[in-house]
Amino acid sequence: MTESTTAPTSTAPLIEVEGLRKYFPIRKGVFSRHVGNVKAVDGLSFTVGRQETLSLVGESGCGKTTAGRTLLRLLEPTAGRASYRAEPDTEAIELFDLSRRQMREYRTDLQIIFQDPYSSLNPRKTAGGIVGEALRVHGLATGQELEDRVAELLVRVGLRADAFNRFPHEFSGGQRQRIGIARALALEPRFIVCDEAVSALDVSIQAQVINLLKDLQEERGLSFLFIAHDLSVVKYLSDRIAVMYLGRIVELATAAELFSNPRHPYTKALLSAVPRPDPKLRQERIPLTGDVPSPMNPPPGCHFAPRCPVAEKRCHEAYPETVKVTATHEAACHLVE
Amino acid sequence: MSTETQSKGSSGAEEKSGEVLLQVKDLRTHFRGDEGIAKAVDGVNYSVLAGETLGIVGESGCGKSVTALSILGLVPMPPGFNAGGEILFRGENLLEVDERRLREIRGNDISMIFQEPMTALNPVFTVGNQIMETVMLHQGMDKMAAHQHAIRMLEKVGIPSPEQRVDEYPHQLSGGMRQRVMIAMAMACSPSLLIADEPTTALDVTIQAQVLELISELQKREGMSVLLITHDLGVVAQTADHVAVMYAGKVVEYGSVETIFGKPCHPYTIGLFHSLPDLAPPGVRLSTIEGIVPSAFRFPSGCRFRTRCPLASDRCAEIEPTLERFGDQAGHTVACHHLEEAEKL
């Protein structure tokens, strides 16, 4: 490895994202004229530390899934940069500058687990084939060694070794998600994007998978970018949480700070809307009217202003700067002092 | 609105709140499949009182939706068939009435909203048309009156500019709006019982909050009962009066929402609460229920939860526990042989 030009510190994060943008062009007419953009992700900046779980939360259409996929270049970014630093003292790799071929090398380190355990597994392949595929493609193991490693992985994620020769339809949703996890683990990655990885599961199964993810994180020093809409899962799992609204991060803080002292009105409304499993708690909800506006033509000024219960005149005019509340807590709102 | 009152003449007197409106007795709905017979619903008992919300909770495959479909006679037969039991609505056994009578009840006295508003709405008709259909059928309104009624219903469920929306198609509306349209359709004939099958599962939390508020508001105003089917314990805690917990085709525990959430007694209910990340402090491992829900083709003998239960004994394999009164709370019933030990879980 070549020496880095800038002196790396021990706190250098594993992943550093700056100004990430992903626009989807809208084309119309016979000449496919470019008439506008859907700004799915519109300037995201965040870091993911070593063995840290950063969560991206928000409602459907806020761009959280697109952000995760663009970061791994499953979608090509429109603008921005993302660097990956395997060790604190190695050179940072600019992921968006790599060619497709070069990117392939780093895929062993950067993996993803998908939401839907039904559509993300090839129904014609056995569990063993699915989990072993990446090892084979990357030429990391063959023959008996491959089989042993796959069997070991299947057992590690809580399946029986005889799962090897069975097909996806023979497994339940929770078991399929375990196969997806084993597949992501096969290449011994450093970083995994978990895209709604537990959302489709029943509570009792969800708890099993959450525990598994936590154990694996400790055991292997993994970092997670956890993409979810379920705030109770996120609160339990995350070190830090970024709340997204219409393509941008509106608030980012440690899990404890975000839940005890939310500052952005959207975060407050979101937290108050989660139904708590306690009938004695008559919840005071902050009512939000209307729907999330279209990312095709977001409202001028703060995107949240049209639904915000405390919006002022200036909120409709200019997008707010991100303000630091504490060293580990920031929010983008005109009303946060 | 004379049309609304006269139409209910056939269905008899209005219940006082607290009286039993719907009683499901030992209901068994089975399905024939490749592997034999799936006992999706296998001896379910519960009652819905007038004016209350009964929450049915349980994980996928426990039979909570099939029970609801059975009430309305919407289970596809075959492969489904009724293997016993009664569904008494105002004393009338819905399993024995003919299709004509069932159609009179469906959409008029009992209506249903589904999880996925996009698939439950007809994409080639305007939302107005779909609301009008029920009132024209059940209440004999003419087209003009029905159209006006549809606008009033859309207004009632909080859809902005209803005069315009009434002529739009489902695809022109957002998910939350579609679910409101579904509710407007279901409420069009002021039913006495609304069955809501996972009504907010496909919605975002802020929209979910709006829809749940709407349902409980309408319920208070119209005095109807709600049968709420969900897997989300948070939703149940915030909306239900009574809760029935289902596991593998049976109700394993029933009680008031305060009792079930305050002092759950069945090992399954207890396990379910322990699995909730909401209630666990960060950093502490979640406790889980080991294993998976057994297949409806091969339920274990005796107590169906025993294969996953930390308290299971030989007795659980031999004798199936029935719902028995337990504890000091009135109306609290539990089906378990080991209730004393379960208190220590």
Side-chain angles (χ1 to χ4, degrees), chain A residues 57-62 158 171-175 198 200-212 214-215 229-239 254-256 259 266 269-283 285-294 307, chain B residues 57-62 158 160 173-177 200 202-210 212-213 231-241 243 256-262 268 271-293 295 308:
Chain A
V57 299
E59 299 180 279
S60 29
C62 73
F171 297 95
S172 69
Q175 289 171 324
V198 298
L201 308 176
D202 277 318
V203 233
S204 73
I205 307 298
Q206 179 175 285
Q208 294 172 0
V209 174
I210 289 173
N211 280 342
L212 173 65
K214 281 211 121 174
D215 292 345
H229 68 278
D230 185 334
L231 288 157
S232 50
V233 171
V234 161
K235 178 184 183 184
Y236 176 76
L237 263 175
S238 321
D239 297 301
T254 61
F259 278 85
Y266 176 62
L270 200 60
L271 295 183
S272 78
V274 181
R276 308 267 160 69
D278 181 357
K280 275 178 264 160
L281 210 87
R282 277 295 143 187
Q283 269 174 260
R285 292 205 193 98
I286 302 168
L288 278 190
T289 47
D291 287 311
V292 182
S294 150
R307 297 175 78 197
Chain B
V57 296
E59 300 181 281
S60 0
C62 72
L173 305 173
S174 69
M177 287 291 166
T200 57
L203 306 176
D204 282 317
V205 272
T206 58
I207 310 297
Q208 164 173 296
Q210 293 172 8
L212 290 175
E213 229 137 78
H231 68 281
D232 189 329
L233 291 164
V235 169
V236 170
Q238 294 300 322
T239 51
D241 299 303
V243 181
S256 71
V257 69
E258 290 82 13
T259 312
I260 298 288
F261 282 76
Y268 175 64
L272 216 50
F273 280 110
H274 285 173
S275 318
L276 284 182
D278 310 67
L279 303 175
V284 176
R285 246 181 107 76
L286 291 177
S287 63
T288 62
I289 303 173
E290 292 303 319
I292 55 171
V293 181
S295 154
R308 302 174 74 190

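Excluded from the calculations below are hydrogen atoms, water molecules and symmetry mates; all remaining heavy atoms, backbone and side chain alike, are included. In the text below, chain A, chain B and the rest are named by the order of the sequence lines, each starting its count at 1.
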Need one label for [X]: side chain, backbone, both or neither, based on atoms under 4.5 Å from any heavy atom in chain A.
X        : value
B/Gln210 : side chain
B/Ser295 : neither
B/Val284 : backbone

Derivation and outcome, side-chain contact (heavy atoms from CB on, under 4.5 Å), residues B/Gln238 and B/Leu212: CA-CA 9 Å; B/Gln238 294 300 322; B/Leu212 290 175; 5.9 Å; no
Residue [X] versus chain B: region with a heavy atom under 4.5 Å:
X        : value
A/Asp230 : neither
A/Ser60  : both
A/Ile210 : side chain

Top contributor to chain B interface from A/Asp215, A/Leu237, A/Ile286 [non-hydrogen pairs under 4.5 Å]: A/Asp215
Are [X] and [Y] side-chain neighbours, meaning at least one heavy-atom pair lies under 4.5 Å?
X        : Y        : value
A/Pro275 : B/Gln208 : yes
A/Leu271 : A/Phe259 : yes
A/Glu59  : A/Leu270 : yes

Residues forming a ring pair (Phe, Tyr, Trp, His ring centres under 6.0 Å) with A/Phe171, sequence neighbours excluded: none
Residue among B/Gly271, B/Gly291, B/Gly262 with most heavy-atom pairs under 4.5 Å to chain A: B/Gly291
Backbone of B/Ile289 reached by a side-chain donor or acceptor of A/Gln208 within 3.5 Å: yes
